Amino acid sequence: MPRTRESAMSTETIVVLGAGAVGVCTAFQLARDGHAVTLIDRLEPGGGCSRGNAGLIQSASVVPVATPGTLAAVPRMLLDPDQPLFVRWRHLPTLAPYLLRFLLAARPAQVEASSRALATIVPHAYEAWRPVLAAAGAADLVRPAGELHVYETDAARRGADFAMATRRARGVEVRELTVAELAELEPALAPIFRHAVYLPAAHQTADPFVVVGAVAQAFAAAGGRILRAAATDLRFVEGRPTAVVTEAGDVPFDRLVIALGAHSKPWARRLGSPVPLDAERGYHLMLPEPGVSLNTAVVSGDFKFAMTRLAGGLRLAGTAELATVDAAPDERRARRLLPLARRLLPGLDGRGAVPWMGPRPSLPDSLPVISRSPHHPSVVFAFGHGHSGLSLAALTGAAVADLVAGRPPAHDLAPFDIRRFDRRLRAARPTASGSFAP
Ligand SMILES: Cc1cc2nc3c(=O)[nH]c(=O)nc-3n(C[C@H](O)[C@H](O)[C@H](O)COP(=O)(O)OP(=O)(O)OC[C@H]3O[C@@H](n4cnc5c(N)ncnc54)[C@H](O)[C@@H]3O)c2cc1C
């Protein structure tokens, strides 16, 4: 929750670079703290990866992407483009450092550490959104829905054992459903499933782009400035960053927040903090008139994609393709989702289907960076939210506002500190609180 104006230490001129879900929520909460905030993006707010995600605020996503089974899946990831996680060969040399770290992150101790860290923030995702939605007049754009994971085969259900056990270990509610209970909950699904698991802790937005747009409007109404321009560089005076160079001119700041999603890597490097951030590109296919309806967000455990009901139709969303951030989309990956979805939902109408691709900002350990810069006290990083950027946007915005105001953050930010990627600085990381003196 924005612990608002009263508690802000002082008002400053702040630039938030990147108007995705994370940047918009951050700018909004900083503006509510009384700062003079400029939000810069080359697209309209929410126009990047935040535009086409599945629209879920997931409070049960406490399992990192790399898990102990990942190593065994690597050959298929490289050879079979139908795999949910696929690496484009051509990009392999560029992606090799990421992939290596990703495999190291699949070691049991790291998986346990990531999961424990996620469990300190993810269950609070919706709680953090609630006041932001209320302040933006957008509460009616979000409804409780739950995630329903369905499995046609015993093998697919067994494949989810680790993830479900991890969720349970972190205190997340996981309900096994009988076939009869499944039919009652989602009558439109084909009777082909042997197993179903329901995770109640998920909320569905009517459309993530609309929700982010509503928060951006509230930001503007609170006095925030939105500048639509590409940022190209930073200006430094005596080693200190002082302005963002944009195609519309320089924008000076007292403080800077880097919230450029999958594009944050060169900016972090420029500020002295290299990060192994890469794009795990996801696809969706939007069906404007699907002819069938769902009550929950349905996730195919066999084919690893989600079907979510949005205001504009049914969204088939999923796949993770590792390629460089600006590589052209491969539309076939989105279109492949339709025959799979038809298997689950007989009678699904695919007319007018629209494909889309967005670059998830992914770090190998599946933990976002929510952190002060160790080199520049005026800079805060907020990126790398991977599969959970919509879910964690409001919580991240509140945490950044706390860091800027010098308030103790509501959650321990130590696991999300950018210094985890720097061997020399790792030893100096705080353990109890992410807030350390500039
Ligand atoms: C298919 C799919 C389904 C998903 N489903 C979910 C879900 O249900 N729930 C969930 O929580 N997450 C989901 N995600 C993940 C989520 O979408 C991302 O984590 C989130 O959008 C990241 O938000 P962001 O603000 O960090 O990045 P972005 O939304 O990408 O914002 C970054 C912004 O920076 C701007 N930018 C970059 N470079 C420049 C520059 N030089 N100058 C100016 N502007 C610049 C871009 O234009 C962009 O608007 C999904 C992702 C995909 C792909």
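Each residue takes its place number in the sequence, starting with 1. FYI, side chains are in, hydrogens and waters are out, and symmetry mates aren't considered; it's all heavy atoms of this structure. Counting starts at 1 for both ligands and their atoms, in listed order. Quick caveat, the model's predicted, so the values are computed rather than measured.
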K.L.:
Does any N or O of ligand 1 fall below 3.5 Å from an N or O anywhere on G389, backbone included?
P.N.:
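Yes, G389 has an N/O under 3.5 Å of an N/O on ligand 1.
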K.L.:
With a cut-off of 4.0 Å, which atoms of ligand 1 are near a heavy atom of G55?
P.N.:
8 (O)
K.L.:
Quick check on Y283 - does any of its heavy atoms sit under 4.0 Å from an atom of ligand 1?
P.N.:
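True for this residue.
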K.L.:
Which of the numbered atoms in ligand 1 are under 4.0 angstrom from any heavy atom belonging to A229?
P.N.:
43 (C)
K.L.:
Could you tell me the residue and atom name of the protein heavy atom closest to atom 30 (O) of ligand 1, and the distance to it rounded to 0.1 Å?
P.N.:
C49 N, 3.1 Å
K.L.:
Which residue and non-hydrogen atom of the protein lie closest to atom 29 (O) of ligand 1, and at what distance in Å?
P.N.:
S50 OG, 2.5 Å
K.L.:
Atom 44 (N) of ligand 1: which protein heavy atom is closest, and how many Å away?
P.N.:
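Here the closest protein heavy atom is R42 N, 3.2 Å.
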K.L.:
Are A262 and ligand 1 in contact, using a heavy-atom cut-off of under 4.0 Å?
P.N.:
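Judged by the 4.0 Å heavy-atom criterion, A262 does not count as contacting ligand 1.
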K.L.:
Tell me yes or no: between the side chains of H385 and T396, is some donor less than 3.5 Å from an acceptor?
P.N.:
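Yes, side-chain donor-acceptor contact under 3.5 Å.
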K.L.:
Is any N or O atom of G18, backbone or side chain, closer than 3.5 Å to an N or O atom of ligand 1?
P.N.:
no
K.L.:
Give me the residue, atom name and distance of the protein heavy atom closest to atom 52 (C) of ligand 1.
P.N.:
R360 NE, 3.6 Å
K.L.:
Please report the shortest heavy-atom distance between R281 and A327, naming the atom on each side.
P.N.:
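Result for this residue pair: NH1-O, 2.8 Å.
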K.L.:
Are D33 and R407 within salt-bridge range, i.e. N to O under 4.0 Å?
P.N.:
yes
K.L.:
Which atoms of ligand 1 sit under 4.0 Å from any heavy atom of A54?
P.N.:
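With A54 as reference, the close atoms of ligand 1 come out as 3 (C), 4 (C), 5 (N), 6 (C), 8 (O).
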K.L.:
By number and element, which atoms of ligand 1 are closer than 4.0 Å to a non-hydrogen atom of L43?
P.N.:
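Close to L43: 47 (O).
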K.L.:
Nearest protein heavy-atom contact for atom 12 (N) of ligand 1: which residue, which atom, what distance?
P.N.:
H387 O, 2.9 Å
K.L.:
For R240, I'd like to know if atom CZ has over 12 heavy atoms of other residues, nucleotides or ligands within 6.0 Å.
P.N.:
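No - once you tally the heavy atoms of other residues, nucleotides and ligands closer than 6.0 Å, there are 12 at most.
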K.L.:
Please report which non-hydrogen protein atom sits nearest to atom 19 (O) of ligand 1, along with the residue it belongs to and the distance in Å to one decimal place.
P.N.:
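The closest heavy atom on the protein side is G386 O, 2.7 Å.
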K.L.:
Going by heavy-atom distance to atom 32 (C) of ligand 1, choose the closest among T26, V22, L260, L56.
P.N.:
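Shortest heavy-atom distance from atom 32 (C) of ligand 1: L260.
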K.L.:
Tell me which protein heavy atom sits closest to atom 34 (O) of ligand 1, plus the residue, atom name and distance to 0.1 Å.
P.N.:
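Ranked first by proximity to atom 34 (O) of ligand 1 is D41 OD2, 3.5 Å.
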K.L.:
For the pair V197 and Y151, evaluate side chain to side chain contact (heavy atoms under 4.5 Å, CB included) and give the outcome as yes or no after the intermediate values.
P.N.:
CA-CA 9 Å; V197 178; Y151 306 88; 4.1 Å; yes
K.L.:
Measure from the side-chain N and O atoms of R235 to the backbone N and O of V244, and report whether any donor-acceptor pair falls under 3.5 Å.
P.N.:
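No, because the side chain of R235 does not come within donor-acceptor range (under 3.5 Å) of the backbone of V244.
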K.L.:
Out of all atoms in ligand 1, which are within 4.0 Å of some heavy atom of G358? Include the element for each.
P.N.:
53 (C)
K.L.:
Could you give me the CA-CA distance, side-chain angles and deciding distance for E186 and T296, then say whether side-chain hydrogen bond (donor to acceptor under 3.5 Å, both in side chains) is met?
P.N.:
CA-CA 8 Å; E186 284 298 4; T296 58; 2.5 Å; yes
K.L.:
Write down the atom of T166, the atom of F162, and the distance for their closest heavy-atom approach.
P.N.:
OG1-O, 2.7 Å
K.L.:
Among G20, G261, P361, which residue places a heavy atom closest to atom 22 (C) of ligand 1?
P.N.:
P361
K.L.:
Give me the residue, atom name and distance of the protein heavy atom closest to atom 41 (N) of ligand 1.
P.N.:
A231 O, 3.0 Å
K.L.:
Closest heavy-atom contact between R315 and R51?
P.N.:
NH1-O, 3.8 Å
K.L.:
At a 4.0 Å threshold, what atoms of ligand 1 neighbour a non-hydrogen atom of H263?
P.N.:
37 (C), 38 (N)
K.L.:
What atoms of ligand 1 come closer than 4.0 angstrom to any heavy atom of A230?
P.N.:
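Answer for ligand 1: 42 (N), 43 (C).
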K.L.:
Counting heavy atoms only, which of T319, L17, N53 is nearest atom 14 (N) of ligand 1?
P.N.:
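Looking at heavy atoms only, the winner is N53.
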K.L.:
Nearest heavy-atom pair of L287 and A353: which atoms, and what distance?
P.N.:
CD2-CB, 3.5 Å
K.L.:
For P241 versus F236, what's the shortest heavy-atom pair and its separation?
P.N.:
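Taking every non-hydrogen atom into account, N-CD2, 3.6 Å.
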K.L.:
Go through the structure and list residues passing side-chain hydrogen bond (donor to acceptor under 3.5 Å, both in side chains) with E280, not counting sequence neighbours.
P.N.:
S362, H387
K.L.:
I'd like to know whether D233 forms a salt bridge (Lys or Arg N to Asp or Glu O under 4.0 Å) with R270, so could you lay out the CA-CA distance, the side-chain angles of the two residues, the decisive distance to 0.1 Å, and finally the verdict.
P.N.:
CA-CA 9 Å; D233 202 357; R270 181 100 169 87; 2.8 Å; yes
K.L.:
Can a salt bridge be assigned to the pair R360 and E321 using a cut-off of 4.0 Å between side-chain N and carboxylate O?
P.N.:
no
K.L.:
Just which atoms of ligand 1 are under 4.0 Å from any heavy atom in A21?
P.N.:
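Selected atoms, number and element: 25 (O).
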K.L.:
Taking a cutoff of less than 4.0 Å between a non-hydrogen atom of the residue and any ligand atom, is H284 in contact with ligand 1?
P.N.:
no
